[in-house]
Amino acid sequence: MRLYALGLSVLLAAALHAQPYALGQGYHVGEGLNVGGYFSSEFEMKGSQETFTLDDVAFMAYGDINPMFSYLAEFESVGFYHKNLSTGDESGDRKFHIERLYGDLWLADAYNIRFGKQITPVGYWNKEPINVLRDSTSSPLYSKLLFPKFLTGIDIHGYVPGIEAAQYHLFGQSNRDFDPGYINIPNTHFFGLAFEKEISNDWSGGGSVGEYITAVGDQRTRFVQANLKYDDSTWQVMGEALIAKSNYTHDSDDYTLSGYAQGMYRYTSQHAFIGRAEHFKDHYTRYEDNIAVVGYSYRPLYPVSLKGEYQWHSQNDEDRALFSFSVLF
């Protein structure tokens, strides 16, 4: 609750002293300080159950201290309020966690440093953690189960000398997360290298390799990932795939395979239709699912998103309809 009170204090100060406000751009409090936030809500229909969740409530502070240093702090509560509309049961977790807390040193085109808790720079989907900015309500299993979504460490990144429009990320962590209770895969060892290149005005592609060791069970996993995207402002088609080999202290090595391909047609600047196919197979747990998703996205304004989708799963009793409303402020 301390973080919650701190966030309210910062937002109140922003409201009193900020320059004219524009939705989605936050409040400019003063030199080197901007504050903002976002929320998202979700309605789910699954079988005979209907639920409503105020899923993400977050506030952020960010700014440029000087031309060489900038920062971002983001605190988020997930599952802030949940109600089962079929039974009337209510629950919620109003604790705010450190989602991101990092500084950037801007040194040169080829060499910059980000330190602190940050998004793992792998692929496309994982780099966009805010619901309102994504094109579908749900995220592929690929982006949630196969590598740590965040790292608390260092990312050295920049443009690759001698290769036009090519960027790299060399990242590492050898400590616990800032907030171990708020990460999909708690770990104390996570290192990787990612590469991305613009192939043409419409095409880009890349890949990454990495290794992590879980904080519980000492599971060592090595992965190889690839991604490709086409975007001509009307059509967007993208895909990501990953194969991981895990070593379990009490058993032999085993593999996990996952990937997705997604297409989006922008009917207008406000309306878009989305389709996605996913595959996930964990040989160790013998869990496998094939998922098909069709959806629709409406943005009356860019920082405001209304989305709906239906999912078909090869797993029994997993089919569902999802609707979300989210705002960046």
Side-chain angles (χ1 to χ4, degrees), residues 11 14 18-28 34-46 50-60 62 72 74 76 78 80-81 99 119 123-140 142-144 196 198 200-204 227-240 260-278 291-312 319-329:
L11 291 175
Q19 294 179 358
Y21 172 73
L23 185 66
Q25 298 180 17
Y27 288 99
H28 179 74
N34 302 276
V35 296
Y38 58 88
F39 74 85
S40 65
S41 59
E42 182 178 288
F43 173 72
E44 178 181 90
M45 300 172 62
K46 181 181 177 183
E50 296 182 354
T51 61
F52 170 80
T53 306
L54 181 55
D55 193 32
D56 295 334
V57 178
F59 58 87
M60 300 181 290
Y62 54 94
L72 183 144
E74 178 180 353
E76 181 180 54
V78 172
F80 191 85
Y81 172 77
E99 179 157 18
I119 298 169
Y124 302 123
W125 204 280
N126 195 58
K127 295 177 186 177
E128 197 56 82
I130 300 176
N131 181 293
V132 67
L133 302 179
R134 297 197 298 259
D135 298 311
S136 64
T137 296
S138 65
S139 297
Y142 152 90
S143 68
K144 298 187 291 185
E196 182 77 20
E198 292 182 15
S200 68
N201 289 336
D202 299 331
W203 287 93
S204 65
N227 49 270
L228 185 67
K229 180 192 286 186
Y230 171 83
D231 194 333
D232 66 2
S233 76
T234 300
W235 287 94
Q236 181 192 84
V237 180
M238 67 179 186
E240 301 184 57
Y260 73 90
Q262 176 172 292
M264 178 174 64
Y265 172 62
R266 301 181 181 98
Y267 179 68
T268 68
S269 60
Q270 296 178 320
H271 302 269
F273 299 93
I274 297 102
R276 185 170 71 235
E278 301 179 41
I291 307 168
V293 177
V294 294
Y296 166 75
S297 171
Y298 172 56
R299 294 182 183 274
L301 300 170
Y302 185 75
V304 179
S305 175
L306 295 95
K307 293 173 286 192
E309 67 181 57
Y310 192 84
Q311 302 177 3
W312 291 269
D319 294 358
R320 69 192 69 189
L322 294 173
F323 304 89
S324 66
F325 172 63
S326 51
V327 177
L328 179 69
F329 54 88

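None of these values were measured; they are calculated from a predicted model.
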If you compare all heavy atoms of [X] against all heavy atoms of [Y], which two are closest, and at what distance to 0.1 Å?
X: Gly308; Y: Thr137; value: N-OG1, 4.4 Å
X: Asn34; Y: His28; value: OD1-ND1, 2.9 Å
X: Ile274; Y: Asp135; value: CD1-O, 3.1 Å

From [X] atom [atom1] to [Y] atom [atom2], the distance as rounded to the nearest 0.5 Å:
X: Asp232; Y: Asn201; atom1: CG; atom2: CG; value: 11.0 Å
X: Asp202; Y: Thr234; atom1: CG; atom2: OG1; value: 10.0 Å
X: Arg276; Y: Ser139; atom1: CZ; atom2: OG; value: 7.0 Å
X: Met60; Y: Phe329; atom1: CE; atom2: CZ; value: 8.0 Å
X: Lys46; Y: Gln311; atom1: NZ; atom2: CD; value: 9.5 Å

Could you tell me which residues satisfy side-chain contact (heavy atoms from CB on, under 4.5 Å) with [X], sequence neighbours excluded, listed by chain and number?
X: Val237; answer: none
X: Ile119; answer: Arg100, Asn126, Pro129, Phe150
X: Ser40; answer: Asp55, Asp56, Asn131, Ser326
X: Ala321; answer: Met45, Tyr310, Phe323

Q.
Looking at Lys307 and Glu309, is there a salt bridge between them, counting it only when a charged N and a carboxylate O are closer than 4.0 Å?
A. no
Q: Could you please spell out the steps behind the side chain to side chain contact (heavy atoms under 4.5 Å, CB included) verdict for Ser136 and Gln262?
A: CA-CA 10 Å; Ser136 64; Gln262 176 172 292; 4.2 Å; yes
Under the ring-ring contact (aromatic ring centres under 6.0 Å, His included) test, which residues partner [X], sequence neighbours left out?
X: Tyr302; answer: none
X: Tyr267; answer: none
X: Tyr296; answer: His271, Phe273

When you measure from the side chain of [X] to the backbone N and O of [Y], does any donor-acceptor pair fall under 3.5 Å?
X: Arg134; Y: Trp125; result: no
X: Glu240; Y: Tyr142; result: no
X: Glu196; Y: Ser204; result: no

Q. Does a side chain donor of either Ser143 or Tyr260 reach within less than 3.5 Å of an acceptor in the other side chain?
A. no
Apply side-chain hydrogen bond (donor to acceptor under 3.5 Å, both in side chains) to [X] and list each qualifying residue two or more places apart in sequence or on a separate chain.
X: Tyr265; answer: none
X: Ser41; answer: none
X: Asp231; answer: Gln236, Arg266
X: Tyr38; answer: Glu74, Glu76, Glu99

Q. Hey, does Thr51 have a side-chain heavy atom less than 4.5 Å from the side chain of Glu42?
A. no
Q | Side-chain touch Met264/Ser297, heavy atoms, less than 4.5 angstrom | A | no
Q: Kindly indicate, with the supporting measurements, whether the criterion side chain to side chain contact (heavy atoms under 4.5 Å, CB included) is fulfilled by Phe43 and Phe325.
A: CA-CA 9 Å; Phe43 173 72; Phe325 172 63; over 6 Å; no
Q: Give every residue pair that meets the salt bridge (charged side-chain N to carboxylate O under 4.0 Å, His left out) criterion with at least one member in residues 319-329, sequence neighbours excluded.
A: Glu44-Arg320, Glu318-Arg320
